[in-house]
2 protein chains.
Amino acid sequence: MDVKTPTPPATVDEFRDRLAALADSLPRRLQQCADFIAANTDRIAVSTVAELAAGADVPPSALMRFCQILGFSGFSDMQRLFREAWSPGPPDYSTRLRNLKAGGAGRPAALLAEFVEAGRLSLESLTKSVDEAALDRAVGLLAGAGMIHLVGLRRAFPVASYLAYVFEKMQVPALLHDGVGKLDHRFALRPGDALLAITFAPYSPETLALAQDARERGLAVVALTDQAGGPLARLASAALVVPEVDFGAFRSLSATIALALALAVAVGSARGG
Amino acid sequence: MDVKTPTPPATVDEFRDRLAALADSLPRRLQQCADFIAANTDRIAVSTVAELAAGADVPPSALMRFCQILGFSGFSDMQRLFREAWSPGPPDYSTRLRNLKAGGAGRPAALLAEFVEAGRLSLESLTKSVDEAALDRAVGLLAGAGMIHLVGLRRAFPVASYLAYVFEKMQVPALLHDGVGKLDHRFALRPGDALLAITFAPYSPETLALAQDARERGLAVVALTDQAGGPLARLASAALVVPEVDFGAFRSLSATIALALALAVAVGSARGG
DNA sequence: ATCAAAATGGAATATTTATTCCATAGCCCG
DNA sequence: CGGGCTATGGAATAAATATTCCATTTTGAT
């Protein structure tokens, strides 16, 4: 690094500006530093070089270089800026949440608080209610399958499509049945494959039909649904039940996605990824 | 120091209680420490022993004794309490992921716990970092639009598709640009419409291109992204920044979906739904 | 493909910071 | 007024932390 920035930023705002100006002009490791620092500016004051470096997933020396590029003499110099400006705002989650809710039920911020709360509740009850045995069984079935078929429509479609993305990233053969063009790919279901079906009440008839079909052909069916005794769970070889908390007519999907992701990553690593 | 307090305070509130309980029962120098600390509790996280001691006008060793009387093993121990209260535990997911891989490829239940935790952290930091003004602006822009165009690919596609579902339920005219068949519907962008674009690093070129296009045609562009200075944020009339916590290569999307949902519902009700 | 320049990671070192220890000073109770 | 106790300050040591340096790898240009 030859072109120096000889004067360090004097305020936090200046710091942010300089960071933004730098974006995309940095080599890989330093870009990682920049990204992490931009997202965690408020931790600078209370962290060590080693901690921040670990967070950004770079060696400490990379972070040092990063500080110098910004014009500081070193990390301590940069940290001083943030320590002096330190004001411990409301670090408290519940206080902040109350503030968001206060002042008008219709305001976007109040809505956001509701959805955040719903998501948190879902996640909490997921850890309590998850059936580990069923999860292990589901991982086993999918890990042993030739191709994994994914189906989920309407509300469940985001989940199914995220799974398709994750499986692709992990190079696990998976096919998303998305119903585009009203084609149905049921003849793609071949012996040795498995179906991962996702649907919540009111259950999509298309999803149930495909699950039924798969079952009749002898494929393993893994269900991700909201009711242990529901129509999809009854068809499945392994049923994962998610207690999603609704807010109004909408569900946050937090718990569903967390479970789906855990399932996918477990399957991916079981297949030797 | 006769009466020991063998267990350190576990929370900031507990700390304050103990401090209050101690008041007036201390020798002179330690009382000075207590007074100064009580008045400057929030500087503990960002100061050194020497700085605080100087502030309280006592030698450093007096401050050390003070920490021990409160039940801590030393100053560092006390400081940790305040540093963690601000940003609870460094998520340090890259390390944890490595550990998981090392320690038996991750039992599914352990993976699930990680994803749940990541989701929880994301939601918490969303409440802390959300920009209410930007959110209000975004709602205004989308509520006033003729048609809302949605774009989000790869990781962001689940979010975009969920938004499409929610808008449809609320009878808000919205069009999902999903790239099926490599068609692009850029000519569907008409004056008076707005674009809601979603992308995270590494940014999808297609999404950026569409956002650029929309901007050039004078449409309002609302961004949902992960970096305030990122390429999408720079194009947008209103940028919503989501601090999603990654776990390995995967993100839980909890915070993103919560924010998207709040946005959608606010828009829906602003349009008189 | 080859070379020069740039970037990187890790180990060695320097610096700062926390902590302990103990000789001395101050206090209280007789 | 003295003896026993506690509190105190500062110097010595230990620990954590930042910083530099350089051998190696990667990148980019030709």
Side-chain angles (χ1 to χ4, degrees), chain A residues 1-6 8 22-37 40 43-84 86, chain B residues 1-6 8 22-37 40 43-84 87 90 92 94-95 98 202:
Chain A
M1 64 249 61
D2 29 318
V3 184
K4 293 281 187 158
T5 312
L22 234 43
D24 306 329
S25 72
L26 291 170
R28 194 171 113 264
R29 287 277 109 114
L30 296 180
Q31 188 64 52
Q32 275 176 257
C33 293
D35 292 347
F36 183 81
I37 290 295
N40 298 78
R43 293 228 187 102
I44 296 174
V46 293
S47 302
T48 66
V49 172
E51 284 165 0
L52 292 175
D57 197 25
V58 300
S61 49
L63 223 162
M64 289 302 302
R65 278 195 294 272
F66 175 76
C67 297
Q68 287 164 354
I69 286 180
L70 257 61
F72 299 103
S73 79
F75 174 75
S76 304
D77 194 28
M78 176 170 106
Q79 193 174 51
R80 183 169 40 248
L81 174 65
F82 291 92
R83 288 196 163 171
E84 282 167 5
W86 175 260
Chain B
M1 60 196 128
D2 30 327
V3 183
K4 294 280 187 153
T5 313
L22 236 45
D24 305 330
S25 72
L26 291 170
R28 196 171 61 85
R29 285 279 111 115
L30 296 182
Q31 188 62 53
Q32 275 177 255
C33 292
D35 292 346
F36 183 80
I37 290 294
N40 298 77
R43 298 229 48 99
I44 296 174
V46 293
S47 302
T48 66
V49 173
E51 285 164 1
L52 291 175
D57 197 26
V58 301
S61 49
L63 223 164
M64 289 302 300
R65 279 194 295 275
F66 175 76
C67 297
Q68 287 162 355
I69 285 179
L70 257 64
F72 298 102
S73 79
F75 175 74
S76 303
D77 195 28
M78 176 170 105
Q79 193 173 51
R80 185 169 42 247
L81 175 65
F82 291 92
R83 290 190 168 175
E84 285 173 2
S87 60
D92 198 2
S94 44
T95 312
R98 224 173 296 128

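Order of the sequence lines fixes the chain letters, A, B, ..., with proteins taken first and strands second; residue numbering starts at 1 for each chain.
Scanning all heavy atoms of the two residues, the minimum distance from B/Ile37 to B/Phe66 falls at CG1-CE2, 3.8 Å. Between B/Leu63 and B/Ala53, the shortest heavy-atom contact is CD1-N, 3.3 Å.
Going from atom CD1 of A/Ile69 over to atom P of C/dA6 covers 13 Å, rounded to whole Å. Following rounding to the nearest Å, B/Arg65 (CZ) and D/dT6 (P) show an atom-to-atom distance of 13 Å. Whole-Å rounding puts the B/Arg28 CZ to D/dG9 C1' distance at 12 Å. B/Arg80 places its CZ atom 15 Å from the C1' atom of C/dT19, with the value rounded to the nearest Å.
Take B/Asp77 and apply the salt bridge (Lys or Arg N to Asp or Glu O under 4.0 Å) test, not counting sequence neighbours, and it matches B/Arg80.
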Evaluate the criterion side-chain hydrogen bond (donor to acceptor under 3.5 Å, both in side chains) for residue pair A/Arg29 and A/Gln32; output intermediate values, then yes/no.
-> CA-CA 5 Å; A/Arg29 287 277 109 114; A/Gln32 275 176 257; 2.9 Å; yes
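The shortest distance between side-chain heavy atoms of A/Ile44 and A/Leu81 does not fall below 4.5 Å. B/Phe82 places none of its side-chain heavy atoms less than 4.5 Å from the side chain of A/Val46. Counting heavy atoms from C-beta outward, A/Leu52 and A/Phe75 have side chains that approach closer than 4.5 Å.
Remark: side-chain polar atoms of A/Gln79 are paired, donor with acceptor, to backbone N or O of A/Ser47 under 3.5 angstrom.
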Kindly give the atom pairs (protein nitrogen or oxygen, nucleotide nitrogen or oxygen) under 3.5 Å for nucleotides 15-19 of chain D.
from, atom 1, to, atom 2, distance (Å)
D/dA18, OP1, A/Val49, N, 3.3
D/dA18, OP2, A/Val49, N, 2.7
D/dA18, O3', A/Ser76, OG, 2.9
D/dT19, OP1, A/Ser76, OG, 3.3
D/dT19, OP2, A/Phe75, N, 2.5
D/dT19, OP2, A/Ser76, N, 3.2

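Comparing the axis of the opening five pairs of the helix from C/dA1-D/dT30 to C/dG30-D/dC1 with that of the closing five pairs yields an angle of 30°, rounded to 10°.
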